[in-house]
Amino acid sequence: MLKNDEFFMKEAFKEAKKAYKKGEIPIGCVIVDNANKEILVRAHNLKEKKHDVSAHAEINALRKLGQKKENWRAEDVTLYVTVEPCSMCASAILQARISRVVFGIHEYETGGFGGKIDLTREFKSELTIESGIYKKEIENLMKQFFVEKR
């Protein structure tokens, strides 16, 4: 099986579905080693369950990765997340020195990589960002979640 951006975004989408089943905003994340194309960690939103405003999928994944590597630096990895990271998560991603981020859909209210603001410009970062992968499926899941919640 070809392990490309779509493959890994589908894995992040599986995490988003786990969040959805728990009543969390359905956002999922995987972090992949750039050299061997293996998933290092998986995570999803747990903000409601943990009663923790910072328990976003990306932050949860970065915490897991830090524990696994015994290092907060995360160079030479790609972070795949279903929805554009908010400014809090975008800042953490930049701090972790991740080399590449791929997300499915923009977040125009809080997005930190172009949806609302672009922190890469503010910090003159060389982070590579790509978007639009698995977009329709992610949009549909998000719409379904918010229709049910409202």
Side-chain angles (χ1 to χ4, degrees), residues 1-22 24-48 53-66 72-150:
M1 175 174 281
L2 180 64
K3 291 185 177 180
N4 58 15
D5 287 345
E6 188 170 334
F7 172 85
F8 292 117
M9 189 58 74
K10 285 179 184 178
E11 294 300 309
F13 188 70
K14 289 177 186 176
E15 288 296 316
K17 286 192 208 175
K18 289 178 186 177
Y20 177 87
K21 289 177 182 173
K22 294 176 181 178
E24 300 276 353
I25 295 174
I27 299 175
C29 178
V30 297
I31 299 179
V32 175
D33 183 289
N34 289 343
N36 65 19
K37 300 294 185 203
E38 295 300 321
I39 295 173
L40 298 170
V41 296
R42 300 168 180 269
H44 53 273
N45 270 358
L46 291 170
K47 197 162 111 173
E48 301 298 329
V53 70
S54 69
H56 292 200
E58 304 93 310
I59 300 295
N60 294 334
L62 288 170
R63 286 179 177 145
K64 285 181 177 182
L65 184 64
W72 59 268
R73 290 172 188 84
E75 297 113 337
D76 301 320
V77 300
T78 298
L79 184 144
Y80 291 85
V81 63
T82 53
V83 177
E84 177 185 359
C86 70
S87 57
M88 173 185 70
C89 293
S91 182
I93 288 164
L94 290 168
Q95 290 289 322
R97 302 178 183 160
I98 287 176
S99 61
R100 184 168 176 253
V101 171
V102 178
F103 62 85
I105 62 173
H106 279 281
E107 169 50 75
Y108 294 107
E109 291 183 28
T110 64
F113 290 139
K116 181 73 170 179
I117 61 172
D118 187 353
L119 289 178
T120 60
R121 280 192 234 170
E122 297 298 320
F123 293 96
K124 296 182 174 94
S125 170
E126 294 182 20
L127 174 69
T128 301
I129 299 171
E130 297 181 41
S131 64
I133 309 291
Y134 219 60
K135 183 178 177 178
K136 289 206 186 297
E137 293 85 351
I138 295 165
E139 285 175 340
N140 289 339
L141 184 63
M142 293 295 284
K143 285 177 188 172
Q144 181 180 344
F145 176 81
F146 285 110
V147 165
E148 290 174 8
K149 287 292 177 191
R150 297 182 178 137

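Side-chain atoms are counted along with the backbone in the values below, which use heavy atoms only and exclude waters and symmetry mates. Predicted model only: the values in this text are computed from it and were never measured.
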Closest non-hydrogen atom pair, [X] against [Y]:
X      : Y      : answer
Pro85  : Ala90  : CB-N, 3.9 Å
Leu127 : Ile93  : CD2-CG2, 4.3 Å
Ala43  : Ala61  : CB-N, 3.5 Å
Cys86  : Glu58  : N-OE2, 4.3 Å
Glu84  : Phe113 : OE2-N, 2.8 Å

From [X] atom [atom1] to [Y] atom [atom2], the distance as rounded to the nearest 0.5 Å:
X      : Y      : atom1 : atom2 : value
Arg42  : Ile31  : CZ    : CD1   : 12.0 Å
Ser91  : Leu119 : OG    : CG    : 6.5 Å
Phe145 : Ile27  : CZ    : CD1   : 9.5 Å
Ile59  : Met88  : CD1   : CE    : 5.0 Å
Thr82  : His44  : OG1   : NE2   : 11.5 Å

Side-chain contact, heavy-atom cut-off 4.5 Å: [X] with [Y]?
X      : Y      : result
Ser87  : Thr110 : no
Phe7   : Lys37  : no
Met142 : Ile105 : yes
Lys116 : Glu109 : no
Ile98  : Leu62  : yes
Arg100 : Asp5   : yes
Ile138 : Met9   : yes

Exercise. Are Tyr80 and Glu15 close enough that a side-chain donor and a side-chain acceptor fall under 3.5 Å?
Worked result: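 Side chains of Tyr80 and Glu15: no pair found under 3.5 Å.
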Tell me if a side-chain donor or acceptor on [X] pairs with a main-chain N or O of [Y] at a distance below 3.5 Å.
X     : Y     : result
Asp33 : Glu38 : no
Glu24 : Glu48 : yes
Asn45 : Ile25 : yes

Exercise. Does the pair Lys136/Glu139 count as a salt bridge with the N-to-O cut at 4.0 Å?
Worked result: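 The answer is no: the pair does not qualify as a salt bridge.
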Exercise. Counting only heavy atoms not in Lys17, do more than 12 sit closer than 6.0 Å to its NZ atom?
Worked result: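 Incorrect, the count does not exceed 12.
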Problem set entry | Glu126, CD: over 12 other non-hydrogen atoms inside 6.0 angstrom |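 Not buried by this count: 12 neighbours or fewer within 6.0 Å.
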Exercise. Only one of Thr78, Asn34, Thr128 forms a side chain to side chain donor-acceptor pair (under 3.5 Å) with Ser99, so which one is it?
Worked result: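 With Ser99 as partner, Thr78, Asn34, Thr128 yield a single side chain to side chain donor-acceptor pair (under 3.5 Å), made by Asn34.
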